Amino acid sequence: MQAPLREKNDIKIFILYLLKNLNYPLDFNTISDIVGQDEFVNYFDFAECFAELLDSGNIEQLSAAEVGCITVGEKSGGELYRITDNGKQVVDQLQSNLLNIIKEKSLKSAMRLLSFKSRGSDVKCAFTERADKKYDLKCEIIEKNMKILELTVVVDTKYQLDKMMYNFNERPEVVYRGIISLLTGDI
């Protein structure tokens with residue numbers, strides 16, 4: 001597996017590359033998920049480089065009212081970001097050590113994540129307590145009245161249960177992608 005990108009210049013070009021190719025405004029959390037989902041960039045490096053790109057005018061912040069339409073990942077009243085023309089020029093002109101395979105894999109993953117969010121998938125997560133004081137956790141993802149994921153796990157503690165439920169509800173696309181990758185042997 002590719003080691004995380006460490007050079008600030010590479011990370012900035014990576015962020016700009018993804019934003020340029022996605023080509024529409026997104027909220028900060030969605031951009032963070034997109035950049036970090038394949039684990040080429042850690043969150044702290046992303047946050048630092050994103051702020052620098054914003055300060056330098058390579059990314060701009062928009063209010064939802066400025067955008068004039070609902071976009072994928074937008075939260076009510078949340079701020080949206082997009083690459084500027086200057087940012088597009090930077091990514092086109094600067095050379096980087098980024099391998100094409102990294103860029104292509106990350107762009108495909110980003111498109112999958114956005115597609116998952118835009119499809120309006122219904123995510124359900126519930127639990128029942130067992131007689132042995134453990135828990136049955138049931139997670140489902142439903143699209144167009146069809147279950148694309150149904151998973152039941154026995155969980156030992158309430159702490160683990162709460163953590164699993166939170167993670168599934170907050171990032172079901174990451175859980176789904178991880179399960180598919182494990183089952184297909186890609187990880």
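No experiment lies behind these values; they were computed from the predicted model shown.
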Handout entry: Inter-residue atom distance Tyr17.OH - Lys88.NZ, 0.5 Å rounding
Key = 14.5 Å

Practice task
Evaluate the side chain to side chain contact (heavy atoms under 4.5 Å, CB included) criterion for residues Leu80 and Leu26: first the C-alpha distance (whole Å), next the side-chain angles of each, then the deciding distance (0.1 Å), finally the verdict.
Solution key: CA-CA 5 Å; Leu80 301 175; Leu26 299 166; 5.7 Å; no

Problem - Check: Ser32 side chain, Phe28 main-chain N or O, donor-acceptor pair, under 3.5 Å - result: no

Exercise for the section: Flag yes if Phe46 and Val174 sit in one hydrophobic cluster, no otherwise; membership is Ile, Leu, Val, Met, Phe, Trp, Tyr, and two members link when side-chain heavy atoms are under 4.5 Å apart. Expected result: no

Practice task
Answer with yes or no whether the hydrophobic clustering places Val154 together with Leu161; edges join I, L, V, M, F, W, Y residues whose side-chain heavy atoms lie under 4.5 Å apart.
Solution key: no

Handout entry: Lys/Arg-Asp/Glu bridge criterion (N-O < 4.0 Å) met for Asp162, Lys158
Key = yes

Problem - For Asn21, all residues meeting side chain to side chain donor-acceptor pair (under 3.5 Å), sequence neighbours excluded - result: none

Problem - Aromatic ring proximity, centroids under 6.0 angstrom, Tyr176 and Phe168 - result: no

Problem - Residue pair Phe40 / Ser106, side-chain heavy-atom distance below 4.5 Å - result: yes

Handout entry: Test item: side-chain donor near acceptor, Asn58 and Ser56, under 3.5 Å
Key = yes

Practice task
Work out which heavy atom in Cys49 is nearest to a heavy atom in Ile11; give both atom names and the distance.
Solution key: SG-CG2, 3.7 Å

Handout entry: Asp136 CG to Thr128 OG1 distance, which is reported to the nearest 0.5 Å
Key = 4.5 Å

Fill in the blank from the handout: Separation between NZ (Lys20) and CD1 (Ile13), nearest 0.5 Å, reads 12.0 Å

Exercise for the section: Could you give me the CA-CA distance, side-chain angles and deciding distance for Leu22 and Leu107, then say whether side chain to side chain contact (heavy atoms under 4.5 Å, CB included) is met? Expected result: CA-CA 8 Å; Leu22 295 172; Leu107 186 56; 4.1 Å; yes

Problem - Shared hydrophobic cluster, Ile142 / Ile179 (ILVMFWY, side-chain heavy atoms < 4.5 Å) - result: no

Exercise for the section: Heavy atoms only: give me the nearest Met164-Val155 pair and the separation to one decimal. Expected result: SD-CG2, 3.6 Å

Handout entry: Gap separating the CD1 atom of Ile59 from the CG atom of Leu16, nearest 0.5 angstrom
Key = 5.5 Å

Exercise for the section: With sequence neighbours excluded, give me every ring-ring contact (aromatic ring centres under 6.0 Å, His included) pair touching residues 119-141. Expected result: Phe127-Tyr135

Exercise for the section: Would you give the length of the straight line joining atom CG of Leu53 to atom OG1 of Thr84, rounded to the nearest 0.5 angstrom? Expected result: 9.0 Å

Problem - Test item: Arg82 and Gln61 side chains (from C-beta on) under 4.5 Å apart, heavy atoms - result: no

Exercise for the section: For residues Glu79 and Leu62, determine if any side-chain heavy atom of one lies less than 4.5 Å from a side-chain heavy atom of the other. Expected result: no

Exercise for the section: Would you name the heavy atoms of Leu137 and Cys139 that are closest together and state the gap between them? Expected result: CG-SG, 3.9 Å

Handout entry: Donor-acceptor under 3.5 Å (Thr152 side chain, Lys138 main chain)
Key = no

Practice task
Give the cluster check for Leu18 versus Phe44: same hydrophobic cluster or not, with ILVMFWY residues linked at side-chain heavy-atom distances below 4.5 Å.
Solution key: yes

Practice task
Output all residues satisfying side chain to side chain contact (heavy atoms under 4.5 Å, CB included) with Asp156, sequence neighbours left out; order by chain, then residue number.
Solution key: Lys134, Gln160

Problem - Within-4.5 Å side-chain heavy-atom neighbours: Cys125 and Val123 - result: no

Practice task
Quick one: closest heavy-atom pair of Ile31 and Tyr81, and the distance?
Solution key: CD1-CB, 3.8 Å

Handout entry: Cluster check Tyr166, Leu149: I/L/V/M/F/W/Y, side chain < 4.5 angstrom
Key = no

Problem - Straight-line distance of Glu150 CD to Ile141 CD1, nearest 0.5 Å - result: 11.5 Å

Problem - Asp45 side chain near Leu5 side chain, heavy-atom distance below 4.5 Å - result: no

Problem - Flag side-chain contact, heavy atom, 4.5 Å: Lys163 against Asn167 - result: yes

